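Since we're looking at a predicted model, the values are computed, not measured. Residues take their numbers from the sequence shown, with the count starting at 1.
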Amino acid sequence: MDQVTSFDQVSGTLVCQSGCILESLNQYLEGQGYIMPLDLGAKGSCHIGGNLATNAGGLRVLRYGSLRGTVLGLEAVLPDGSILNCLNSLRKDNTGYDLKQLFIGSEGTLGVITAVSILCPRKPKSVNLALLGCESFSRVLQVFTLCRDHLGEILSAYEFQDLESMRVVQTHLKLSNPLQESAFYILIETAGSCEQHDEEKLNAFLAKALESGLVESGTVATDQGKIKSLWALRERITEALAHDGYVYKYDLSIPVEKLYALVEETRARLGTSARRVVGYGHLGDGNLHLNITSETYSESLLAALEPFVYQWTAGHSGSISAEHGLGFKKRDHIYYSKSSEAVQLMQRLKKMLDPKGIMNPYKTIPQAD
């Protein structure tokens with residue numbers, strides 16, 4: 001189930017089977033002058049069907065939005081074996097309920113997605129990447145505002161990572177940081193159709209950021225080799241942390257002005273009981289990856305983290321799962337982000353579509369009382 005069914009050169013609509021690898025789809029589309037609206041660090045191994053089932057976010061949400069907006073239709077096999085065909089390629093279809101949304105982000109609990117129709121953007125003719133260093137998180141936020149004012153329509157990614165996450169990729173993966181050591185680092189990607197225009201806008205933004213003192217240092221990449229090496233500093237953090245010991249992972253949505261406060265409070269709370277506490281993520285859409293490492297798994301460390309992290313997130317109007325889903329580990333913590341009425345409705349939908357509970361059992365939705 002890894003075949004491209006069709007591609008419309010005019011509308012940019014791709015229809016494919018769910019077993020297609022994300023990177024393979026992107027390579028196919030690049031040959032047609034388009035790209036996938038989704039980009040992940042795991043693009044070389046993840047399947048598009050799984051991306052939909054988990055509503056994967058990734059690096060391009062700031063520019064192209066989430067899969068809930070770019071997926072036009074899907075096909076799914078229901079628990080009773082029947083096939084739900086919602087595989088249309090229309091931008092507008094306001095006939096009844098939008099059933100595809102039930103399956104996007106459902107983590108396979110309602111049915112198996114077998115095919116997808118997705119709207120793809122044109123491949124940018126000009127791509128630039130800037131790595132900047134900042135001395136505080138407040139300045140990271142100020143640079144984000146300045147960035148949107150100056151770059152506007154060509155801004156495609158705004159990622160941040162703290163010093164600890166930079167150190168971990170340098171230590172375990174031997175990657176090179178081209179900048180002086182800073183408390184925070186920002187990756188800003190622009191993507192547009194006119195190289196001269198984009199460079200002028202980026203240069204004007206960088207000049208303003210440096211003149212205002214918001215940025216300590218920076219470098220810009222325009223060739224693919226350097227762009228790839230700069231992205232590796234951000235994309236390979238998860239890989240590097242795996243070499244640092246046992247990893248406790250949290251994927252959270254938090255209002256951007258409070259985003260890093262949780263990292264600081266967690267670091268202070270754990271003290272020397274943790275080897276490393278790092279914060280990084282997609283600042284453009286308020287997504288924090290909070291990761292903690294220790295030499296080995298520790299019940300006492302977990303008890304210090306949970307439910308503290310979930311309570312803190314709920315107390316600041318956040319979500320305990322931004323893009324990774326709930327699975328079975330976070331299933332019973334759903335109430336930190338959803339009301340009991342909302343969970344009860346989800347349970348009723350699950351019971352109606354999957355009365356025998358055979359679709360990815362024990363995941364995502366708590367068992368009904």
Side-chain angles (χ1 to χ4, degrees), residues 1-30 32-43 45-78 82-123 156-157 191 251 253 282 284-285 287 319 321-326 346 349 353 359-360 364:
M1 297 180 63
D2 60 355
Q3 300 299 306
V4 171
T5 305
S6 65
F7 179 68
D8 189 311
Q9 280 277 5
V10 177
S11 67
T13 302
L14 173 75
V15 179
C16 66
Q17 296 175 322
S18 62
C20 292
I21 300 292
L22 179 59
E23 189 170 40
S24 299
L25 289 176
N26 205 60
Q27 290 170 351
Y28 167 83
L29 287 169
E30 284 184 344
Q32 314 290 324
Y34 286 80
I35 59 171
M36 288 293 286
L38 175 70
D39 186 22
L40 305 171
K43 55 183 170 283
S45 58
C46 62
H47 300 92
I48 190 63
N51 297 150
L52 265 65
T54 57
N55 189 26
L59 306 170
R60 292 176 177 166
V61 173
L62 177 63
R63 177 67 173 271
Y64 301 118
S66 74
L67 287 174
R68 292 196 182 279
T70 55
V71 171
L72 301 176
L74 57 77
E75 176 188 83
V77 177
L78 302 182
S82 61
I83 297 175
L84 177 68
N85 187 350
C86 294
L87 198 63
N88 69 56
S89 299
L90 303 174
R91 295 287 297 273
K92 291 184 175 180
D93 180 8
N94 204 22
T95 52
Y97 301 128
D98 190 3
L99 294 178
K100 69 176 182 289
Q101 299 293 351
L102 281 178
F103 297 89
I104 299 173
S106 68
E107 300 184 51
T109 58
L110 301 179
V112 178
I113 297 171
T114 52
V116 57
S117 170
I118 188 166
L119 186 65
C120 303
R122 291 289 293 177
K123 179 183 178 181
S156 58
D251 161 53
S253 275
H282 319 296
D285 51 61
N287 186 180
S319 169
S321 178
E323 61 182 4
H324 292 170
L326 295 170
M346 294 179 201
L349 287 168
L353 290 174
M359 301 304 296
N360 205 9
T364 309

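The side chain to side chain contact (heavy atoms under 4.5 Å, CB included) check on S6 picks up V15, with sequence neighbours excluded. The ring-ring contact (aromatic ring centres under 6.0 Å, His included) check on Y64 picks up nothing, with sequence neighbours excluded. Remark: Q3 engages no residue in a side-chain hydrogen bond (donor to acceptor under 3.5 Å, both in side chains) (not counting sequence neighbours). In terms of the side-chain hydrogen bond (donor to acceptor under 3.5 Å, both in side chains) criterion, residue partners of D251 (sequence neighbours excluded) are, by chain and number, N287. With sequence neighbours excluded, no residue forms a side-chain hydrogen bond (donor to acceptor under 3.5 Å, both in side chains) with T54.
If you check the side chains of S89 and S117, you find a donor sitting under 3.5 Å from an acceptor.
Sorted by first then second residue, the ring-ring contact (aromatic ring centres under 6.0 Å, His included) pairs that include residues 4-28, not counting sequence neighbours, are F7-Y34.
Closest of all the heavy-atom pairs between I113 and A53 is CD1-N, 3.9 Å. When every heavy atom of D8 is checked against every heavy atom of V10, the shortest pair comes out as OD1-N, 2.8 Å. Across M36 and I48, no two heavy atoms sit closer than the pair CE-CD1, 3.7 Å.
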Check your understanding: Could you walk me through whether K100 and V71 pass the side-chain contact (heavy atoms from CB on, under 4.5 Å) check?
Key -> CA-CA 9 Å; K100 69 176 182 289; V71 171; 4.1 Å; yes
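In this structure the side chain of M359 never reaches within 4.5 angstrom of the side chain of L110, judged on heavy atoms.
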